[in-house]
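Shown next, in C-alpha cells, is the structure this report addresses.
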Amino acid sequence: MQVLVMTVVIVGLFAFMANTQYKQAYAKNPVTGKEGSGNLTSYFMFVFICAAILSSVAGLRYYVGTDYPGYYLNYPLYVKEWRVRIENWDEPGIGIIAKIVSWFSSDGAAFIFACAVLTVSLFVFTLAKNTNDFFFVVMLYVFTGCWSGCFNGVRQYLAAAILFAGHRLIYERKFIKFCIVVFLAASFHVTALIMLPIYFIITRKLDINKIVLIMVSGIALIYSYDIIFDLVGVIKDSDSDIGDSTYATNSIHPLRVVISLAPILMYFFLVLQKRSFSGEENFYLGFIFVFSAVTIATKNSAYLNRAGIYFTPFISLSLLHLVNKFDKSQRLIIKAVILILYAMVWIYIDASKTDWYWIFDRYEPYHNKHL
C-alpha cells in the first residue's frame, strides 16, 4: 500500500505543476487583456512525467495483480503463437505486442512493462488533451481504480485505453472511424465490441428518455445473466460453464455501487438548480449513467462487472464538467471533497489490500516460489 500512496503523492505534485503551466499558457496579458497563445510545451512535459511515473510503477511490479502470472509466464507462448492468433483472430493484439517486445528482450518483465506503458500513457495523455484541470482528472483516474485496475485485466485495460483515446470520434459522430478503433481494441479483448451499441446510446441527446433507456437496459441485464454467460462462452469458444465459476458469481463491494451513483445525484441536483448543459457536457455526462447502470446490473458478478472498465475513464472528465457548473467560489471545496471521498474508497477497497513487490526482488528467496 505504501508504494501506491507514495506514487499518488508524487504524481499529484507534478500534476499540480502541470496545472500551473496550463494556467500560465492561457493567462491574460496584463497589457492587452487578451488570453495567452496557449504554448503548452511545459504543460505536457509535466504530463509526461506523471505518465512516466505511473507507467513505471505499474510496469515494474512483480506478481501484483491476480492476472500477473498468466501474462508473465505465458509471454513465450504469446510470442510463439502470434501468427496463429492473427490467422484465427484470437485477440491477436497481445501476441503482436509480445512479438515486438521479443525483438529486444526474452524476459516476461519487459512484456509486462511494455503493456503498462502503452495502457497508462494512452489514458493519461488523453485525459490531458481533454481537460483544463489535469490535477483533478488524473487523481480521479487513480482513485476510480482505473490505474491499479490495469495490474489485473491487462488485455481489457489495453482495449479500454484504445477506446478512450479514440472516444472523441463518438462526439464527432464519425462512426466508421470509431468502428476501426473498436476493431483495434477488440483485437486485445473481444468485450470491446460492446462499445458499438453504446455509440448509438451516447450520441443521443441526454434527456429523460435517454436516462430511462439506460436505466431500463441496466435492469434488464440483471435478469439476463444466464444469457450473457452463454454468449460469452460462444464468443470465447469455451466449453466451460462460465456462469458456475466463483469469480462469475461473486458480488462486488457495495461501496462500488454507491460511488457509481454519486455523480448522478450531483447531476440531478444541478438540474433542479436549473443549470443547463452544452452538447459536449451532455456527451460526457451520458457515460456516468451508462457506468452506473452497468455497475448496478453486474453487482452480483465480478466477472460481468469488468464491463465497467470501458466507462470508468470517463468519470473524471464527467465529474469535472459537473463541478464546473457550480459557482466559482464553490468549485475548489467541491473538488477537494470529491477527491477525498474517492481516495478513501480507493485506499479501503484497492490500495490497502495490495501487497507490493518490485521486479528487482524476484530472485530473492522469498519470491523464488513464484518462478
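This chain uses plain numbering: 1 for the first residue, then up along the sequence.
- Applying the salt bridge (Lys or Arg N to Asp or Glu O under 4.0 Å) rule to Arg256 yields the partners Asp350; only residues at least two apart in sequence or on another chain are considered.
- In the hydrophobic clustering of this structure, Phe311 groups with Leu255; members are Ile, Leu, Val, Met, Phe, Trp, Tyr whose side-chain heavy atoms approach within less than 4.5 Å, directly or through other members.
- In this model, a donor atom of one side chain and an acceptor atom of the other lie less than 3.5 Å apart for Tyr71 and Arg155.
- Residue pairs meeting the salt bridge (charged side-chain N to carboxylate O under 4.0 Å, His left out) criterion with at least one member in residues 65-79, sequence neighbours excluded, are Asp67-Arg306.
- For the pair Lys299 and Thr295, the minimum side-chain heavy-atom distance is 4.5 Å or more.
- In this structure, Phe134 and Tyr43 have perpendicular ring planes: the angle between them is above 60°, well past the 30° mark.
- In this structure Ala160 satisfies the side chain to side chain contact (heavy atoms under 4.5 Å, CB included) test together with Phe123, Ile309, Tyr310, sequence neighbours excluded.
- Between Cys115 and Leu158 there is a side-chain heavy-atom pair separated by less than 4.5 Å.
- Taking the salt bridge (Lys or Arg N to Asp or Glu O under 4.0 Å) definition, one finds that Lys80 meets it with nothing, sequence neighbours left out.
- Under the 4.5 Å side-chain criterion, counting only non-hydrogen atoms from C-beta, Phe113 is in contact with Val117.
- For Lys99, the side chain to side chain contact (heavy atoms under 4.5 Å, CB included) partners at least two apart in sequence or on another chain are Val79, Trp82, Ser102, Trp103.
- Listed by first and then second residue, the salt bridge (charged side-chain N to carboxylate O under 4.0 Å, His left out) pairs that reach into residues 177-192 come to none, sequence neighbours excluded.
- A 4.5 Å side-chain heavy-atom check between Val120 and Tyr157 finds every atom pair outside the cut-off.
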May I have the list of side-chain donor-acceptor pairs in residues 46-53 shorter than 3.5 Å, sequence neighbours left out?
none

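- In this structure, the side chains of Val64 and Trp356 come closer than 4.5 Å at one or more pairs of heavy atoms.
- Heavy atoms from other residues, nucleotides or ligands lying under 6.0 Å from CE of Met1 number more than 12.
- Between Phe143 and Trp346, the ring planes lie tilted relative to each other; the angle falls in the 30° to 60° range.
- Considering only residues two or more places apart in sequence or on other chains, Arg168 meets the salt bridge (Lys or Arg N to Asp or Glu O under 4.0 Å) condition with Glu280.
- By the 4.5 Å heavy-atom criterion applied to side chains, Leu54 and Val142 are counted as neighbours.
- Qualifying side chain to side chain contact (heavy atoms under 4.5 Å, CB included) partners for Val182, counting only residues two or more places apart in sequence or in other chains: Leu163, Phe178, Leu193, Met195, Leu196.
- A 4.5 Å side-chain heavy-atom check between Arg61 and Tyr68 finds at least one atom pair inside the cut-off.
- Ring centroid separation for the pair His167 and Tyr284 comes in under the 6.0 Å cut-off.
- Tyr72 and Tyr63 have perpendicular rings, their planes meeting at more than 60° on a 0 to 90° scale where under 30° would count as parallel.
- Remark: Asp133 engages Asn19, Thr131, Phe135, Phe136, Leu320, Lys335 in a side chain to side chain contact (heavy atoms under 4.5 Å, CB included) (not counting sequence neighbours).
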What donor-acceptor contacts under 3.5 angstrom involve side-chain atoms of residues 260-277, with partners at least two apart or in another chain?
unit_1 : atom_1 : unit_2 : atom_2 : d
Ser260 : OG     : Val257 : O      : 2.6
Arg275 : NH1    : Lys325 : O      : 2.1

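- Side-chain contact between Val323 and Gln330 is absent, with no heavy-atom pair separated by less than 4.5 Å.
- No donor-acceptor contact under 3.5 angstrom links the side chains of Thr7 and Trp147, judged on distance only.
- The salt bridge (charged side-chain N to carboxylate O under 4.0 Å, His left out) pairs that include a residue from residues 186-196 number zero, where partners must be two or more places apart or lie in different chains.
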